[in-house]
Amino acid sequence: MQHRTLWTLTTLLVFATAACGGGGDSDAPAAPAAPAAPAFDPATAGSVMGTITLDGTPPPAETIRMNSDPACVELATDAETEYYVVGGSGGLGNVFVYVKEGLEGRTFPAATGSVMLDQQGCRYTPHVFGVRVGQTITIRNSDATLHNIHATPLANAEFNMGQPIQGMEFERTFDSPEVMVPFKCDVHGWMNAYVGVLDHPYFAVTGDDGAFDISNLPPGDYVVEAWHEELGTQTQNVTVGEGGTAELSFTFSVG
Amino acid sequence: MYWLHRYNRLVAAATLVLITAGGLVTSTGSGLAVPDWPNTYGYFMFAFPWSGMVGGILYEHGHRLIASVVGMLTIGLVAWLAASEPRRWVRRLGWIALAAVVVQGLLGGITVLYFLPPPVSISHAGLAQVFFALVVSLAIFTSAGWLARYYRTSDGERRIAADGILRALVIALPAAIYVQILIGAAMRHTGAGLAIPDFPLAFGRLIPPVWDAGIAIHFAHRVGAVIVTLVVLATAGHVLAHHGGRRELVRPAWLLIAVVVAQVTLGALTVLSARDVTINTAHVATGAVLFATAIVLGLRTHRDRFRDIAPVGAPAPERAQA
């Protein structure tokens, strides 16, 4: 073999080896703080309360096969799909309810504190949640196995991070309102979660009883939307009087 | 040359394994299971612990490891060609294959770092087939049959050279298959695999009653399958009817028929099974085999165009002109 060929091949090998030494991800920039001035007289605040119910019989939960990762089989305390969380009285859980219209032009104090998204038992906890624009989401891996956290927003920046070590935490923020931003783990295909990102604090997530309570709301006319991962969205108009409570009910149908 | 040819076949086989592993990555949706590159969860890729090969990581990291093996095998192939191959154009083809596998690795990294943008992922899939075609071609060029002109008599060679239909068909066939592979890659990487959920009809009709980008790509792949199947049947039928005595042509012709039947069946089953991972992956691998077989038939048919022909039984030619 000619010397020149040998040198070229050696250089290629060195280049290939050097190329394997880099990598890493970058942290997202912190969101600018919102003005802290109150948007309205708190004494006039009202609220919207109600219940989300499910009409019909949802498909039965399916058992998730986690055997692609033996650690998940050991860690999982719940290995059933959670598309439909239905309480005894027909209340529908994991519904994100929020004020969609009616707050335009108002500003609200920046959110304080962070929201935890935990990976525990190879599931995301919580499955559905809400945050404010710029509010910190702390993403934690409580499992003794590897996870990646892959957010796939449309209006915000996509990110995909690895958390190979138990106890690792990352912080992320979203800079624009978006309902909903999906999270998924590409290692464990069954893991997914959704976050609603809003520029105001008027949102709630229903529990097993389907109840929600959006309080401290300025008096006014609003469009309220309820979002469910399988059943889509519904909207209703509502008027909140000074110090009043408006009742609102949504019924999703299935089957 | 015998052992070089054997080694070349090994590289081709390893490449098919790599393409299959790549098909597994997409079929299982594991393309982003390892978020960093070229490292794996911060580890130097060869130091990543085996205990971490779980879930989607098994497919994505496994694909990277196999790719590294193929890359090293290709470096070995180039070195071997440089050391013992007298035909300059064959040596150059080896360098082109090495360049292709390096670019292919970079495309794989870029597509991970940018969250699988379809143009990059489709290019990654398309270049994989080009690389496979290159190493298969090199295996053909270093084979004993090629060097011995497949033991054709002058009359036999003239007969093949004079068959304009066959010579056109064997060029049209790999071109048609490659276009079909690119459409398939576009379908796979834009999530259009089930854009038309029924088979053989489309939404109960021959032509889809509704259209969007996904349906158009999916339908184009079905139309492409019909075209490729017809060209395969025409080519193979022509070989069997007019060159039945040429073993080097008849064997790939029969193989083409068998593989295209398998491939169409796998395509149908991919839809009907709602993209079962095994079937979906087999569809990718079988497509690569079909393409490679068409390349083999094309090269053997056009053997006379390569002027490095040595006398029958000679070990190797001295000079070559493509």
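Sequence lines set the chain letters: A, B, ... in the order given, protein chains first and strands last, and positions in each chain run from 1.
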If only atom types and distance count, is the side chain of B:Asp36 paired as donor or acceptor with the main-chain N or O of A:Gly162 below 3.5 Å? no

So with a 6.0 Å cut-off around [atom1] of [X], is the heavy-atom count from everything else above 12?
X	atom1	result
A:Glu158	CD	yes
A:Glu169	CD	yes
B:Tyr7	OH	yes

Heavy-atom pairs under 4.5 Å with chain B, option from A:Asn148, A:Thr152, A:Ile149, A:Val187 with the top count: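 Most pairs with chain B among the choices: A:Val187.
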
Going by residue number, which parts of residues 139-147 of chain A are within reach of chain B, meaning a heavy-atom gap below 4.5 Å? A:Thr145, A:Leu146, A:His147

With the side chain counted from C-beta on, respond yes when A:Asp186 and B:Ser30 share a heavy-atom pair under 4.5 Å apart, and no when they do not.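 No, every pair of side-chain atoms sits at 4.5 Å or beyond.
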
Do B:Phe115 and A:His150 make a side-chain contact, defined as non-hydrogen atoms from C-beta onward lying under 4.5 Å apart?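 With C-beta onward as the side chain, the pair touches.
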
B:Leu272 meets the side chain to side chain contact (heavy atoms under 4.5 Å, CB included) criterion, sequence neighbours left out, with B:Phe199

Heavy-atom contact with chain A under 4.5 Å, split by part of B:Tyr114: neither

Yes or no on side chain to side chain contact (heavy atoms under 4.5 Å, CB included) for A:Ile165 and B:Tyr41, after CA distance, side-chain angles and deciding distance? CA-CA 10 Å; A:Ile165 299 167; B:Tyr41 284 88; over 6 Å; no

For A:Glu101, what residues pass the salt bridge (Lys or Arg N to Asp or Glu O under 4.0 Å) criterion, not counting sequence neighbours?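 Expected list: none.
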
Can you check whether anything in residues 49-68 of chain B gets within less than 4.5 Å of chain A, heavy-atom wise, and list it by number? B:Gly52, B:Val54, B:Gly55, B:Gly56, B:Ile57

